[in-house]
Enquirer: 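First the structure, which I've put down as structure tokens, then a few questions once you've had a look.
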Amino acid sequence: MPFTVLVVCTGNISRSPMTQLLLEFWSDPKAGLVVSSAGTHALVGQPMDDGAASAMRELGIDPSRHRARQFQPDMAAEADLIITAEQTHLEVVLAQTPTALRRAFTIKEFARLVAHVDAADPDSVVAQAAALRGLVPRPADAADDDVADPHRQPTAVSRSTAAELTVAVRAIVDALGVAAKPAGTRRRPLPYRR
């Protein structure tokens, strides 16, 4: 059975497709990870934002196939894990799909929680992360769990967003146990330096 991840942001043209592409790129194809993305106010049918697409190409990832989709509650209902760019997106997802509470997190929140998880399979990782909410210290500023929107910003802002996502995504694929083996032939993107 595949393990499904849904990534949600606003327009589905910057943060969520960047996260989707990074998750796909760093995951072992044999791991059974299926990643999709959507937006709470999607620019349906649009490709990735130019800056975000450029940042992905610089990492050796082809963004050309992405087209924005509107978030629908059934997407969250069917996903094993939902990760959002911001707390506001998480609130939209949970307002429309309350049953997703124990499977939905912001990207940075989930990355922070999985650092304290010791599990052998993705479903257990998600369950343990949910159980750790309120036990693992939160950032002093709740906005620190959000990924800033680079849409219509200079490419340098998208690079900074990619750097932020790189750290979180790397922690997530490692915790889920789906990371591609280092000896693989695929080129791995390196984290941007700030």
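Atoms considered below: every heavy atom in the structure, side chains included; atoms not considered: hydrogens, waters and symmetry mates.
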Enquirer: Treating Ile, Leu, Val, Met, Phe, Trp and Tyr as nodes and any side-chain heavy-atom pair under 4.5 angstrom as an edge, say whether Leu132 and Ile82 lie in one connected cluster.
Expert: no

Enquirer: Got a donor-acceptor contact below 3.5 angstrom from the Gln153 side chain to the Ser158 backbone?
Expert: no

Enquirer: Does Asp118 have more than 12 heavy atoms from other residues, nucleotides or ligands lying within 6.0 Å of its CG?
Expert: no

Enquirer: Determine the minimum heavy-atom distance between Val114 and Ala171, stating which atoms define it.
Expert: CG2-O, 4.0 Å

Enquirer: Hey, does the side chain of Arg138 reach the backbone of Leu135 with a donor-acceptor pair shorter than 3.5 angstrom?
Expert: no

Enquirer: Scan Val169, Val5, Ile172 and name whichever one has a side-chain contact (heavy atoms from CB on, under 4.5 Å) with Thr19.
Expert: Val169

Enquirer: In Å, rounded to the nearest 0.5 Å, how long is the span from CE of Met18 to CG of Leu23?
Expert: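 Between atom CE of Met18 and atom CG of Leu23 there are 12.0 Å.
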
Enquirer: Measuring only between side-chain heavy atoms, which start at C-beta, is Val178 closer than 4.5 Å to Val173?
Expert: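 SC-SC contact between Val178 and Val173 confirmed.
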
Enquirer: Distance-only criterion, 3.5 Å: show the donor-acceptor pairs between side-chain atoms of residues 33-48 and protein atoms not counting sequence neighbours.
Expert:
residue, atom, partner, partner atom, Å
Ser37, OG, Asn12, ND2, 2.9
Ser37, OG, Gln20, OE1, 2.7

Enquirer: Are Leu113 and Val8 in one and the same hydrophobic cluster, where Ile, Leu, Val, Met, Phe, Trp and Tyr link if side-chain heavy atoms are under 4.5 Å apart?
Expert: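 Per the 4.5 Å side-chain linkage, Leu113 and Val8 are not co-clustered.
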
Enquirer: Can you see which heavy atom on Val125 is nearest to which on Ala175, and at what distance?
Expert: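 Between these two residues, the closest heavy atoms are CG2-O, 3.3 Å.
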
Enquirer: How close do Ala162 and Leu59 get, heavy atom to heavy atom, and via which atoms?
Expert: CB-CD1, 4.5 Å

Enquirer: Please step through side chain to side chain contact (heavy atoms under 4.5 Å, CB included) for the pair Arg15 and Thr10, ending with a clear verdict.
Expert: CA-CA 8 Å; Arg15 295 168 290 178; Thr10 305; 3.4 Å; yes

Enquirer: Where the side chain of Thr84 meets the backbone of Glu86, is there a donor-acceptor pair that is under 3.5 Å apart?
Expert: yes

Enquirer: Run the side chain to side chain contact (heavy atoms under 4.5 Å, CB included) check on Met56 and His66 step by step: do they pass?
Expert: CA-CA 12 Å; Met56 291 294 96; His66 176 76; over 6 Å; no

Enquirer: Out of curiosity, Ile13 CD1 to Asp149 CG, how far, rounded to the nearest 0.5 Å?
Expert: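 These two atoms lie 8.0 Å from each other.
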
Enquirer: Closest heavy-atom contact between Pro63 and Leu21?
Expert: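 Looking at all heavy atoms of both residues, the closest pair is CA-CD1, 3.9 Å.
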
Enquirer: Would you check if the side chain of Asp80 reaches a backbone N or O of Thr4 as a donor-acceptor pair within less than 3.5 Å?
Expert: yes

Enquirer: Gln96 versus Phe71: any side-chain heavy-atom pair under 4.5 Å?
Expert: yes

Enquirer: For Arg152, is there an ion pair with Asp49 - N to carboxylate O distance below 4.0 angstrom?
Expert: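 Between Arg152 and Asp49 there is no salt bridge, as every charged N stays at least 4.0 Å from the carboxylate O atoms.
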
Enquirer: Could you see if Leu6 belongs to whatever hydrophobic cluster contains Val93? Use Ile, Leu, Val, Met, Phe, Trp, Tyr and a side-chain cutoff under 4.5 Å.
Expert: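 As far as the 4.5 Å side-chain criterion goes, Val93 and Leu6 are connected within one cluster.
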
Enquirer: What residues form a side-chain hydrogen bond (donor to acceptor under 3.5 Å, both in side chains) with Asp50, not counting sequence neighbours?
Expert: none

Enquirer: What I want to find out is whether Asp145 reaches Arg112 closely enough, with some N-O distance under 4.0 Å, to be called a salt bridge.
Expert: yes

Enquirer: What is the minimum heavy-atom distance between Ala131 and Arg102, and which atoms define it?
Expert: N-NH2, 4.1 Å

Enquirer: Once ring pair (Phe, Tyr, Trp, His ring centres under 6.0 Å) is applied, what residue pairs with a partner in residues 79-126 remain, sequence neighbours excluded?
Expert: Phe105-Phe110

Enquirer: Report the distance from atom CZ of Arg103 to atom CG of Leu101, rounding to the nearest 0.5 Å.
Expert: 9.5 Å

Enquirer: Rounded to the nearest 0.5 Å, what separates atom CD in Glu109 from atom CG in Asp144?
Expert: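 Going from CD on Glu109 over to CG on Asp144, the span is 13.0 Å.
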
Enquirer: Output the distance between atom CD1 (Ile107) and atom CG (Leu165), rounded to the nearest 0.5 Å.
Expert: 5.5 Å

Enquirer: Does any non-hydrogen side-chain atom of Val126 lie less than 4.5 Å from one of Phe3?
Expert: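 The answer is yes, as the side chains (C-beta and beyond) meet within the 4.5 Å cut-off.
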
Enquirer: What's the separation between atom CD1 in Ile83 and atom OG1 in Thr106, rounded to the nearest 0.5 Å?
Expert: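 Rounded to the nearest 0.5 Å, the CD1-OG1 separation comes to 9.0 Å.
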
Enquirer: When clusters are formed by joining ILVMFWY residues with side-chain heavy atoms under 4.5 Å apart, either directly or through shared neighbours, do Val92 and Val147 land in the same one?
Expert: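 Shared cluster, no.
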
